[in-house]
Amino acid sequence: MVCENIQARLFERSESDQDRRHVESCPECAAFAAAILPAPLETDDSLQSILSVTQESACDQAEQRLPDWIDGALQGLDAELLDGHLRHCSGCEEFATILRQAELELPTLIESECDESFVAAVVAATPLVEPTLTWGQRFDRWVAATVSRPRIAWEGAYLATACLALLFIIPGSPFADASTRALQWSQGEQLERPFVAFGEQLTSGSKDANLWVRRAQVESGIAVKTAKRELGTLWTRLASTPTTTQTPEEGRGNGEIK
Amino acid sequence: MAEISALIQRCRQGDALAWEALVREYHGRVLAVTRHYLRNADEARDVAQEIFIRVYERLDSFRGEETFVPWMLRLARNCCIDRIRRNKVRTPEFAVPVEDDPSIASEAHGPDELAHQSERQAMLYHALDKMSATSREMILMKEIQGLKIEEISVMLKVPVGTVKSRSNRARTELARRIRTLDPSYGVG
């Protein structure tokens with residue numbers, strides 16, 4: 001009775017899952033089903049056999065396009081065809097799942113937890129290395145570091161002394177005779193090249209000073225010459241004057257002029 | 001995490017804390033690169049340290065026209081290639097046993113989850129190891145490091161279209177290898 005009912009439902013194509021399980025276990029019903037129902041697997045096989053002859057495997061092509069499909073880069077007819085293929089091909093559907101899952105899990109291969117010993121080793125090693133700087137940056141850094149040193153005052157004084165020695169003391173240096181010339185200048189002597197170190201860049205003030213010295217020299221020279229001349233004139237007049245020498249005794253004694 | 005440009009600026013001024021933060025932030029990425037190229041955990045660590053020193057030395061040459069990560073990864077790649085040339089010989093097998101490096105599975109929480117994730121990562125490493133060098137490099141740069149196609153194109157000095165096709169081919173190849181190694185991968 002059960003078999004009859006199932007066979008009736010098989011004939012009407014309204015069988016349930018329970019009916020199918022019964023068909024698998026019952027030889028009589030299985031024979032009935034084989035007689036009236038087309039084998040679905042055979043249809044799939046024949047489809048595959050046709051496709052394998054007429055074109056390369058659709059699954060291979062689908063697999064090649066799946067990365068683009070996952071990225072959303074596949075559009076239009078290509079996307080529709082792949083969608084259609086995936087609906088009927090469990091293998092490609094699984095392949096798409098693998099691709100998606102791998103895409104999610106691959107970034108986790110980067111270590112997110114910090115390896116403290118590694119960080120410490122890198123940080124310990126890097127301060128020994130100077131970052132590459134431009135020449136301007138290097139100069140700025142050097143100036144800042146030099147000025148902030150505690151011994152900068154001593155070093156500055158030493159450097160200044162050395163510079164002064166180089167300029168004023170060492171023979172052959174441009175200001176070597178500066179002190180002598182300054183003395184000469186103060187004494188009013190004419191300088192060949194007053195303050196030689198300044199060379200051609202003499203200021204008008206120093207030129208004026210030089211002229212003033214010369215004028216003073218000339219005026220003093222004239223005064224000396226005039227004085228000498230007057231003295232000489234006087235001396236000559238005195239020498240040419242006839243002398244009437246009379247001793248006091250003579251004048252007082254006999255009253256005669258000799 | 002502070003903005004990278006601010007961190008770099010501080011590093012240029014010699015701020016040790018900023019430099020430490022930068023190393024802390026990016027050491028995972030650099031180690032991933034060195035491990036992929038050198039295939040030896042100890043050597044990868046040494047080279048990663050060298051890379052960070054080189055990054056520090058060259059921070060001033062980084063002008064900010066490009067983003068920091070591709071610049072740093074290009075530097076890392078070049079360092080690895082230099083080291084490989086110096087070594088002349090690559091170790092034949094992928095020598096980064098995941099089970100010896102628990103830090104890889106850091107995002108898992110419970111012990112079971114940790115073990116499961118470690119297994120999956122080990123399987124991923126194994127699948128990557130079987131791939132060609134070009135495909136592995138594409139997976140490393142695009143999928144693992146998350147670089148854009150254009151950035152990879154600049155780094156590898158190949159056209160964008162070539163990078164795209166290589167990337168798709170590499171992903172397909174990886175998925176096929178995963179399917180061979182573990183057919184249940186991706187199911188639940």
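First the proteins, then the strands, lettered A, B, ... as listed; each starts at 1.
- For the pair B:R45 and A:F118, the cation-pi criterion (under 6.0 Å, within 45° of the ring axis) is not fulfilled.
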Report all side-chain donor-acceptor pairs from residues 156-166 of chain B shorter than 3.5 Å, counting only partners two or more places apart or in another chain.
from   : atom 1 : to     : atom 2 : distance (Å)
B:S165 : OG     : B:G161 : O      : 3.3
B:S165 : OG     : B:T162 : O      : 3.0

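- The candidate from B:A48, B:A127, B:A32 with the greatest count of non-hydrogen atom pairs under 4.5 Å with chain A is B:A48.
- For B:Y185 and A:E105, the side-chain atoms include at least one donor-acceptor pair closer than 3.5 Å.
- Using a 4.5 Å cut-off between heavy atoms, B:I139 touches chain A through its side chain atoms alone.
- Looking at B:R176, the atoms closer than 4.5 Å to chain A (heavy atoms on both sides) sit in the backbone and in the side chain alike.
- Both the backbone and the side chain of B:I144 have a heavy atom closer than 4.5 Å to some heavy atom of chain A.
- Listed by chain and residue number, A:F175 satisfy the ring pair (Phe, Tyr, Trp, His ring centres under 6.0 Å) test with A:F168 (two or more places apart in sequence, or in another chain).
- For the options B:Q49, B:R171, B:E50, heavy-atom pairs under 4.5 Å to chain A are most numerous at B:R171.
- For A:I70, the part lying near chain B is the side chain, with the backbone staying farther off; criterion is any non-hydrogen pair under 4.5 Å.
- The one candidate from B:V55, B:T67, B:V33, B:I4 that meets the side-chain contact (heavy atoms from CB on, under 4.5 Å) condition with B:M72 is B:V55.
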